[in-house]
Protein chains: 2
Amino acid sequence: MMTSVETDIHFDQQVAWLRALADPVRLKIVHLLAAEALCTCHLVDETGARQTNVSNHLRFLRDAGLVESEPHGRYTYHRLRPEAMNRLAQVVNQLADATHVVQSQNVRRPCP
Amino acid sequence: MMTSVETDIHFDQQVAWLRALADPVRLKIVHLLAAEALCTCHLVDETGARQTNVSNHLRFLRDAGLVESEPHGRYTYHRLRPEAMNRLAQVVNQLADATHVVQSQNVRRPCP
DNA sequence: TACTGATGTCATCATGCGCTGACACGTTAC
DNA sequence: GTAACGTGTCAGCGCATGATGACATCAGTA
């Protein structure tokens, strides 16, 4: 049984993940990284965004826990973190599943 | 084989869904609606937000295609749209699955 | 060693987002 | 019919977000 603090932390984590994905450039980056690990310069080419902007977005994604980065000489490789992507998928799946139950059984709270 | 236009529409739809969920109040509303259909007044009570703010958020969720609303006398019931939640879940699942492949096979693009 | 290249940090700015409150409109209760 | 209630729209405001460019730092090359 989750306490209120644990629930809040988990909820805030969900918001952070979703915010991270809610920007077009960042979502594009995540789609690209879902196919292969890439350097910043690859992401700059693929997205068409300025290098500094890509760097800012990657910072955001890292802070949200979705991406990890690793220096490789003068280059930096970025990849998605599977466990974070999994947990996000779990949340969304639970919402989608619950939505079906609510609809099929027409669950609703009575009006006051 | 999707054309570029179809891809863009689909991508924009993803961004719209994610933006809809990326606000704390809206995510809270979605969690609540995943449990049961609710009136605006219920959502006002549960979220603690102003009625007009809840109304604004519901407009946003409807425009994103995640929620549908239906008048019920002086009340309005809101519910999540299962097909939209499903499609969102699919997108996130695909990203999570692909992430595992990239990691287990260490797929990466060579540096320039 | 000097120069080039990749990348991240910092500061700044314009725009858009989220919140608020007045108000209009439809429904319900008396 | 009138008043109360529920809700959505509109307009306005303050702040956060996303983009930009200068610059610093580190790695690679000649």
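Order of the sequence lines sets the chain letters (A, B, ...), proteins ahead of strands, with each chain counted from 1. Treat the numbers as computed from the prediction; the structure is a model and nothing was measured.
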Consider only side-chain N and O atoms of B/Gln14 and A/His31, and report whether a donor and an acceptor are under 3.5 Å apart. yes

Side-chain N or O of B/Asn53 versus OP1/OP2 of C/dC19: is the shortest distance under 4.0 Å? yes

Distance col, row B/Glu68:CD vs B/Leu61:CG, nearest 0.5 angstrom, shows 12.5 Å

With a 3.5 Å distance limit and no angle check, can you tell me whether B/His100 reaches the backbone of B/Asp97 through a side-chain donor-acceptor pair? no

Establish, with yes or no, whether the OP1 or OP2 oxygen of C/dG8 is under 4.0 angstrom from a side-chain nitrogen or oxygen of A/Arg59. no

Sequence neighbours excluded and cut-off under 3.5 Å, please list the side-chain donor-acceptor pairs for residues 21-28 of chain B, or say none.
residue	atom	partner	partner atom	Å
B/Asp23	OD2	B/Val25	N	3.0
B/Asp23	OD2	B/Arg26	N	3.1
B/Arg26	NE	B/Ala20	O	2.8
B/Arg26	NH1	B/His57	ND1	3.1
B/Arg26	NH2	B/Arg19	O	3.1

In B/Leu18, B/Asn93, B/Leu88, the residue satisfying side chain to side chain contact (heavy atoms under 4.5 Å, CB included) with A/Val92 is B/Leu88

Could you pick out which residue, B/Asn56 or A/Pro112, lies toward the 5' side of DNA chain D when each is mapped onto its nearest nucleotide? A/Pro112

Validation row: B/Leu43, B/Leu32 side chains within 4.5 angstrom (heavy atoms): yes

Checking only heavy atoms, does the side chain of B/Gln51 share a donor-acceptor pair with the base of D/dG6 at less than 3.5 Å? no

Got a donor-acceptor contact below 3.5 angstrom from the B/Ser55 side chain to the B/Gln51 backbone? no

Test your reading of the model: is there a side-chain donor-acceptor pair from B/Tyr77 to the backbone of A/Arg109, 3.5 Å cut-off? yes

Distance test, side-chain N/O of A/His57 to OP1/OP2 of D/dA19, below 4.0 Å: yes

Does anything in residues 64-80 of chain B come within less than 4.0 Å of DNA chain D? Heavy atoms only, and list the residues if so. B/Arg74, B/Tyr75, B/Thr76, B/His78

If only atom types and distance count, is the side chain of A/Arg79 paired as donor or acceptor with the main-chain N or O of B/Gln103 below 3.5 Å? no

Residues of residues 21-49 of chain A with any non-hydrogen atom less than 4.0 angstrom from an atom of DNA chain D: list those, numerically ordered, please. A/Asp23, A/Val25, A/Arg26

The residue, A/Arg19 or A/Leu58, whose nearest nucleotide of DNA chain C is more 5′ is A/Leu58

Rounded distance in Å - CZ (A/Arg50) to P (C/dT7): 17 Å

In this structure, how many angstroms lie between the C1' atom of C/dT9 and the CG atom of A/Asp63, rounded? 13 Å

